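Quick notes on the structure that follows.
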Amino acid sequence: QVELVESGGGSVQAGGSLRLSCTASGFTYKDGYCMTWFRDNGGKEREGVAGIDTDGNTYYEKTVQGRFTVSQSANKNTLFLRMDRLKPEDTAMYYCAAEQCWKGAGRRSWILNPFAYHFFGQGTQVTVSS
């Protein structure tokens with residue numbers, strides 16, 4: 001059974017930084033899982049923020065490119081999201097997700113699509129004040 005547990009959310013002022021963590025269990029790197037951070041601000045569809053595939057390639061939503069960095073631990077069972085230069089519009093519940101990587105074309109579109117994932121964590125709240 002895949003389980004994902006996020007931590008590291010909190011409240012910061014605009015321009016500040018946070019680091020989110022997601023500890024995964026129920027699969028290993030040999031199972032070929034991609035992992036992605038999504039966010040939900042309650043107003044629209046859950047949005048893909050940053051993902052990483054089994055080759056270590058990273059993918060970012062355009063509004064966070066250059067400010068957020070996604071990475072994994074050496075054993076690939078912990079996913080991180082370093083968020084710098086945070087803005088009020090980054091305020092949301094952030095979720096970690098995992099799914100066996102799509103092997104076809106269009107990896108970027110797939111990895112940031114919330115409907116591609118069966119497994120999500122419970123979320124961690126990020127609040128950025130102006």
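Just so you know, these numbers come straight off a predicted model, no measurement behind them. The analysis underlying the following values was restricted to heavy atoms, covering all of them including side chains, and did not include hydrogens, waters or symmetry mates.
- Note that CH2 of Trp37 and OG1 of Thr124 are 7.5 Å apart. Values are rounded to the nearest 0.5 Å.
- Annotation: the span from Leu81 atom CG to Cys96 atom SG amounts to 10.0 Å, rounded to 0.5 Å.
- How far CD of Gln13 is from OG of Ser130: 9.0 Å, rounded to the nearest 0.5 Å.
- Listed for the Asn75 side chain is a donor-acceptor partner under 3.5 Å among the backbone atoms of Asn77.
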Applying side-chain hydrogen bond (donor to acceptor under 3.5 Å, both in side chains), run through Arg108 and Tyr59 and close with a yes or a no. CA-CA 6 Å; Arg108 185 184 186 283; Tyr59 306 82; over 6 Å; no

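- With Thr54 contributing its side chain and Gly32 its backbone, the two residues share no donor-acceptor pair below 3.5 Å.
- The distance from the CE atom of Met35 to the OG atom of Ser71 is 11.0 Å, given to the nearest 0.5 Å.
- If you chain together hydrophobic residues whose side chains sit under 4.5 Å apart, Phe120 and Val70 never meet in one group.
- The two residues Ile111 and Gly51 make their nearest non-hydrogen contact at CD1-C, 4.0 Å.
- Tyr94 and Phe80 are members of different hydrophobic clusters when ILVMFWY side chains are connected at heavy-atom separations under 4.5 Å.
- A ring-centre distance under 6.0 Å is not found for Phe115 and Trp110.
- Aromatic ring centroids of Tyr117 and Phe38 lie under 6.0 Å apart.
- Rounded to the nearest 0.5 Å, atoms CD (Glu6) and SG (Cys22) are 5.0 Å apart.
- Between the side chain of Gln100 and the backbone N or O of Asp31, at least one donor-acceptor pair lies under 3.5 Å.
- You'll find the side chain of Asn57 stays beyond 4.5 Å of the side chain of Ile52, heavy atoms only.
- Figure legend: Arg39 and Tyr95 shown without cation-pi pairing, the cationic atom not lying both under 6.0 angstrom from the six-membered ring centre and within 45 degrees of its axis.
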Apply side-chain contact (heavy atoms from CB on, under 4.5 Å) to Val49 and Phe68, showing your working. CA-CA 9 Å; Val49 176; Phe68 291 11; 3.6 Å; yes

Chi angles and distances behind the side-chain contact (heavy atoms from CB on, under 4.5 Å) call for Tyr60, Arg67: CA-CA 10 Å; Tyr60 296 94; Arg67 299 189 297 121; over 6 Å; no

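- Here the closest non-hydrogen pair linking Glu45 and Pro114 is OE2-CG, 4.4 Å.
- In plain terms, the two heavy atoms of Gln122 and Val5 that are nearest each other are OE1-CA, 3.8 Å.
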Assess the residue pair Phe119 and Phe27 against the criterion (side-chain contact (heavy atoms from CB on, under 4.5 Å)); give the C-alpha distance rounded to whole Å, side-chain angles, the decisive distance to 0.1 Å, and a yes or no. CA-CA 12 Å; Phe119 305 107; Phe27 64 90; over 6 Å; no

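- No side-chain heavy atom of Asn41 sits under 4.5 Å from any side-chain heavy atom of Thr91.
- A single hydrophobic cluster is seen to contain both Leu112 and Met93, as judged by linkage of ILVMFWY side chains at heavy-atom distances under 4.5 Å, directly or through other members.
- Interatomic distance, Leu79 CG to Tyr33 OH, rounded to the nearest 0.5 Å: 14.5 Å.
- Put simply, the side chain of Met83 does not reach to within 4.5 Å of the side chain of Ser17, judged on heavy atoms.
- The two residues Gly9 and Val126 come nearest to each other via the heavy atoms CA-CG2, 4.2 Å.
- By the 4.5 Å heavy-atom criterion applied to side chains, Arg107 and Asp53 are counted as neighbours.
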